[in-house]
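Below you'll find the structure, written out as structure tokens, and then a few comments.
The first residue of the sequence shown is numbered 1, and numbering continues consecutively from there.
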Amino acid sequence: MHPTIPGFTYQRVAVADDASRDISRDVSLNVAVGGSGSPVMLLHGFPQTHLMWRHVAVELAAHHTVICPDLRGYGASDRPAAAADDTYSKRTMAADTVALARALGHDRFALAGHDRGALVAIRAALDHPEVITHLASLDVLPTLDTWDVMHGTTAAVGFHLYLMAQPPGLPEQMISASADAFFGHFLDIWTRDPRAIPAGIRAEYLAASRAAVPSIVADYRASAGIDVTHDQADRDAGNQLRMPVSVLQQDWGAALGFDAAARWRAWAPDLRHTTVSCGHFMAEEAPGEVVEAVRDLLTR
């Protein structure tokens, strides 16, 4: 039995027709839904699944309809082959979230994302401002800024970004050869409190990631290519995030030499930026802080 979020129901929802494949088929997402009230969607990060929200989702479900999908390419969601540059673009993955909400009966919703899920959430908010009412981002910069602040030897902290940016073939082969060591490395070094990710959940993350190496690499590869193009187009056009935005972030700016809040203010005029003391997996290490931040966001 796979672990689940207590009190949530599970279903598969078709969100897109992947016409880039030789045989067109629907792309469906695995999604957990719980609670009632105004809708909030939670998008997970790397190398995880929707289960990273298990504590936060239960708390938010007391007053909201909470929607927790596995992103395309991750967990139990479909993993279409990356037959085109945009198969795993954040624009495509953002469109998945809008289609998912609509299929569940919600034309507008709040969106919170962590890590890779935050990049999807940012793109959804830029592309669909009439749909996304509020945006919360956990521990990333927008894609364009991420690459801009990575330089010199300090960029070694993001070695995986460069590895998975390489052309198809070698990254997939290298990661597949030692998948548990590769994905487990990030679960270890990015966690300040190892108890936050118990053995059963860790095993679930490793199994899901091990089975999805090509699609995970494709997701990252898109962020070194087409996602940058999309972000640059928005920056050049002066597009910004129109909704209230809350950001929770480790102090990466101090480590890498940039002003994280200033980077975010360029995208989000209505911004609350908070530096946290927990590790990267804050929804598991400090769920109460994340719940409080999301609830505060939704009052704005």
Side-chain angles (χ1 to χ4, degrees), residues 38-45 52-53 56-57 59-60 63-64 66-69 71 90-91 93-98 101 106-149 223 227-228 230-253 258-276 278 280-283 286-300:
S38 61
V40 180
M41 188 179 297
L42 308 177
L43 304 179
H44 67 84
M52 63 153 283
W53 296 108
V56 172
E59 291 296 318
L60 291 178
H63 299 101
H64 299 278
V66 181
I67 304 164
C68 298
L71 297 169
K90 302 310 142 312
R91 174 158 288 162
M93 297 169 81
D96 287 347
T97 68
V98 173
H106 307 291
D107 292 328
R108 304 183 76 226
F109 60 98
L111 189 54
H114 174 258
D115 189 82
R116 307 305 295 172
L119 299 180
V120 176
I122 294 164
R123 177 45 56 193
L126 286 167
D127 285 358
H128 307 277
E130 75 288 354
V131 174
I132 309 303
T133 63
H134 302 78
L135 173 67
S137 171
L138 276 57
D139 218 29
V140 296
L141 290 175
T143 301
L144 188 64
D145 296 272
T146 296
W147 290 110
D148 195 38
V149 303
S223 285
D227 294 343
V228 175
H230 292 158
D231 274 16
Q232 188 64 59
D234 278 314
R235 174 59 55 82
D236 292 346
N239 293 337
Q240 292 181 308
L241 298 161
R242 303 178 194 172
M243 65 291 298
V245 176
S246 288
V247 174
L248 299 180
Q249 206 155 21
Q250 294 183 93
D251 199 3
W252 288 108
F258 65 89
D259 185 336
R263 290 273 176 175
W264 266 104
R265 276 194 296 272
W267 289 102
D270 186 356
L271 172 71
R272 290 185 185 173
H273 187 282
T274 302
T275 302
V276 300
C278 61
H280 177 64
F281 301 114
M282 56 188 68
E289 190 170 352
V290 173
V291 169
E292 182 179 354
V294 173
R295 285 177 172 162
D296 175 73
L297 170 67
L298 296 175
T299 66
R300 289 159 56 194

Which atom of [X] lies closest to which atom of [Y], heavy atoms considered:
X    : Y    : answer
S223 : W147 : O-NE1, 2.7 Å
Q249 : V140 : NE2-O, 2.9 Å
A266 : Q240 : O-NE2, 3.0 Å
L141 : A260 : CD2-O, 4.3 Å
A118 : G113 : CB-O, 3.3 Å
A125 : L241 : CB-CD2, 3.5 Å

Do [X] and [Y] have side-chain heavy atoms sitting under 4.5 Å apart?
X    : Y    : answer
H64  : L298 : yes
V120 : D96  : no
R116 : H44  : no
D148 : R263 : yes
R295 : E59  : yes
L43  : M93  : no
I67  : H106 : yes

After noting the C-alpha distance and the side-chain angles of L144 and W267, does the key distance pass the side chain to side chain contact (heavy atoms under 4.5 Å, CB included) rule? CA-CA 11 Å; L144 188 64; W267 289 102; 4.3 Å; yes
How far does [atom1] of [X] sit from [atom2] of [Y], to the nearest 0.5 angstrom?
X    : Y    : atom1 : atom2 : answer
Q232 : D227 : CD    : CG    : 13.0 Å
L119 : T143 : CG    : OG1   : 4.0 Å
E289 : L138 : CD    : CG    : 9.5 Å

Would you find a donor on one side and an acceptor on the other, under 3.5 Å apart, between the side chain of W53 and the backbone of P69? no
Would you check if the side chain of T274 reaches a backbone N or O of L248 as a donor-acceptor pair within less than 3.5 Å? no
Once you measure the plane-to-plane angle for H280 and H114, does it fall in the parallel (<30°), tilted (30-60°) or perpendicular (>60°) bin?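 Aromatic pair H280/H114 classed tilted.
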Does a sphere of radius 6.0 Å around CZ in R235 hold more than 12 heavy atoms from other residues, nucleotides or ligands, not counting ones at 6.0 Å or beyond?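 Check passes, neighbour count above 12.
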Of V98, T133, I132, the residue whose pairing with R108 passes side-chain contact (heavy atoms from CB on, under 4.5 Å): T133
Qualifying salt bridge (charged side-chain N to carboxylate O under 4.0 Å, His left out) pairs, either residue in residues 121-139, two or more places apart: R91-D127, R123-D127, R123-D231, R123-D234
Sorted by chain and residue number, the side chain to side chain donor-acceptor pair (under 3.5 Å) partners of R300 (sequence neighbours excluded) come out as S246, D270
